[in-house]
Amino acid sequence: MRYGEMKKILVTGGAGFLGSHLCERLLAQGHEILCVDNLFTGSRRNIAHLLDDSRFEFLRHDVTFPLYVEVDEIYNLACPASPIHYQFDPVQTTKTSVIGAINMLGLAKRLKAKILQASTSEVYGDPEIHPQPEEYWGRVNPIGFRSCYDEGKRCAETLFFDYRRQHGMAVKVVRIFNTYGPRMHPNDGRVVSNLIVQALKGEAITIYGDGSQTRSFCYADDLIDAMIKMMATDRDVVGPINIGNPEEFTIIELAKLVVELTNSSSRLIFNDLPPDDPKQRRPDITRARNLLGWAPRVDLREGLTKTISYFDALLTEQRHTISTRS
Ligand code: NAD
Ligand code: UDP
Ligand code: UDP
């Protein structure tokens, strides 16, 4: 990297699952990273391996409060992403998305910095159009249990587009579809981590509903590639752009693959479907292919194998800690 190419980059939510991968990648590219996180769902453990690097700085801060720092680019990822976590304090979830976006946009405006928003496929709600293209406006319940997240993220998108129209700012919006990989929280409640942990522990595998609902799962490394490519685009590329893996699976298919790859004896049990659970979801990634020259490279089998190795090591470490304590 030549002098002048090194940037100071702010990653909010940088101690979370995706944020920590993004910090790691940007650091490896030679940039300076300011990781801001209130550690609600993220952890120091996710960034422990980065703390010794003089180009990495961690600041414990809640994005619903103003932040005065000097940076060249901002990736705004701060927001709990798993339903059990974002429904734990729904008012705080909306505040994080909306007030957090206002503060980060205000910061970017003052600094004339590029800013990228980590939006979500949840803006499409329980969709009637399949697969979902960016032009689709979505079908979101404004008053349900998922609304704090879905409507918060929709409002954040509105703010990004209005700051661009009103202040001529360089903004980027990516809509992330279900993404998984190492460093997901083991108790995070999302389907990939739940199923892997249950299978590795030999516990019953919880299927919500009849398991016929579908999702499309993107491996974290692929997603980070796309986010960085999006940030590097010209001013006129704003998005929103879907990022995800268009291979679609039912939850039953996912569960069977996890059981096979973990060689587990766990059986499947069926629980109630949570309210407003989308029945199907698959990204149309034509725009990402055309504008970013990007497509996912890691298929589900390969990505799950890597994720299983991570959780296997984590659970072994946890068992070891418990046995040495007792
Ligand atoms: P995560 O929960 O691991 O990460 C979110 C991070 O934000 C955590 O470190 C958390 O402590 C932090 N945070 C929460 N509230 C905050 C606040 N008020 N101030 C500062 N930090 C705060 O989840 P993730 O999967 O890494 O998601 C990262 C981003 O990507 C989120 O914005 C999420 O909405 C988006 N996203 C993720 C997925 C996915 O499948 N992983 C899908 C769609 C969108
Ligand atoms: N803000 C911030 N850091 C900055 C600049 C602004 O956190 O460096 C916050 C501040 O809280 C402000 C918000 O961003 O309320 C929106 O800023 P903007 O300039 O858009 O609006 P205003 O200052 O008029 O409220
Ligand atoms: N799910 C499941 N068992 C679990 C956790 C989730 O069957 O232990 C289902 C959930 O009902 C949903 C899908 O898996 O239909 C994806 O859930 P997740 O919370 O990972 O993501 P989201 O619903 O936000 O896409």
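Because the structure is a prediction, the values reported are computed rather than measured. In each ligand, atom 1 is the first atom listed, and ligand 1 is the first ligand listed. We number each residue from 1, following the sequence as shown.
The nearest heavy-atom contact from the protein to atom 13 (C) of ligand 3 is I251 CD1, 3.7 Å. With respect to atom 9 (C) of ligand 3, the closest heavy atom belonging to the protein is Q213 NE2, 3.8 Å. Nearest protein neighbour of atom 15 (O) of ligand 3, counting heavy atoms only, is D277 OD1, 2.6 Å. Annotation: atom 3 (N) of ligand 3 to nearest protein heavy atom, T206 O, 2.8 Å.
Of the heavy atoms in R190, both backbone and side-chain atoms come closer than 4.0 Å to ligand 3. The proximity of N178 to ligand 3, defined as any non-hydrogen pair under 4.0 Å, is limited to the side chain. Under 4.0 Å from ligand 3, the heavy atoms of N194 that appear belong solely to its side chain. Counting heavy atoms closer than 4.0 Å to ligand 2, residue H167 contributes nothing at all. In R146, the part holding a heavy atom less than 4.0 Å from any atom of ligand 3 is the side chain.
Within ligand 2, the atoms closer than 4.0 Å to a non-hydrogen atom of K109 are 18 (P), 19 (O), 20 (O), numbered from 1 in the order shown. Of all the atoms in ligand 3, the ones that sit under 4.0 Å from a non-hydrogen atom of P274 are 11 (O). Each of the following atoms of ligand 3 lies closer than 4.0 Å to a heavy atom of E122: 22 (P), 24 (O), 25 (O). Here is the list of ligand 3 atoms found below 4.0 Å of a heavy atom in I207: 7 (O). Atoms of ligand 2 found under 4.0 Å from any heavy atom of I102, numbered from 1 in the order shown, are 13 (C), 14 (O), 16 (C). Taking every non-hydrogen atom of P66 and a distance limit under 4.0 Å, the qualifying atoms of ligand 2 come out as 7 (O), 11 (O). Each of the following atoms of ligand 2 lies closer than 4.0 Å to a heavy atom of R110: 4 (C), 8 (O). Atoms of ligand 3 found under 4.0 Å from any heavy atom of G189, numbered from 1 in the order shown, are 5 (C).
Between E247 and R215 there is no salt bridge, since no side-chain nitrogen of the basic residue lies less than 4.0 Å from a carboxylate oxygen of the acidic one. Salt bridge annotation for K279-E128: absent, with no cationic side-chain nitrogen under 4.0 angstrom from a carboxylate oxygen. Ion pair D126/R281 not flagged as a salt bridge, since none of the NZ, NE, NH1 or NH2 atoms sits closer than 4.0 Å to an Asp/Glu carboxylate oxygen. Of the charged side-chain nitrogens involved, at least one lies within less than 4.0 Å of a carboxylate oxygen, so that R45 and E317 count as a salt-bridged pair.
Side chain to side chain, R183 and S20 meet the donor-acceptor criterion of an N or O pair below 3.5 Å. Between S216 and N245, the side chains place no donor N or O within less than 3.5 Å of an acceptor N or O (distance only, hydrogens not considered). Side-chain contact check for E248 and H130: at least one donor-acceptor pair (N or O, by modelled atom type) lies under 3.5 Å. Using modelled atom types and a 3.5 Å distance limit, the side chains of H85 and Q87 yield no donor-acceptor pair. For the residue pair H31 / E73, no side-chain donor-acceptor distance below 3.5 Å is found, with atom types taken as modelled.
Taking a 4.0 Å cut-off on heavy atoms, Y163 registers as neighbouring ligand 2. Using a non-hydrogen distance threshold of 4.0 Å, R281 registers as a contact of ligand 3.
For the salt bridge (charged side-chain N to carboxylate O under 4.0 Å, His left out) test with R175, the passing option among E134, E157, E122 is E157; the others fail. Remark: of the listed residues L261, D312, I308, I308 is the sole one forming a side-chain contact (heavy atoms from CB on, under 4.5 Å) with I196.
Residue-environment remark: CZ (F145) stays at or below the threshold of 12 foreign heavy atoms within 6.0 Å. The 12-atom threshold is not exceeded at CG of N263, counting heavy atoms of other residues, nucleotides or ligands nearer than 6.0 Å.
In this structure, atom 11 (O) of ligand 2 is in close contact with the protein, since a protein heavy atom lies within 4.0 Å of it.
Enumerated by chain and number, the residues approaching ligand 1 to less than 4.0 Å through a heavy atom are G13, A15, G16, F17, L18, D37, N38, L39, F40, T41, G42, H61, D62, V63, L77, A78, C79, P80, A81, Q92, T96, A118, S119, T120, Y149, K153, I176, N178, T179, R190.
Side chains of L34 and L59 form a contact here, defined as non-hydrogen atoms less than 4.5 Å apart.
Taking K229 as the reference, L292, W294 meet the side chain to side chain contact (heavy atoms under 4.5 Å, CB included) condition, with sequence neighbours excluded.
Considering backbone and side-chain atoms alike, V191 places an N or O below 3.5 Å from some N or O of ligand 3.
Among Y180, F177, Y149, Y208, the residue whose heavy atom lies closest to atom 6 (C) of ligand 3 is Y208.
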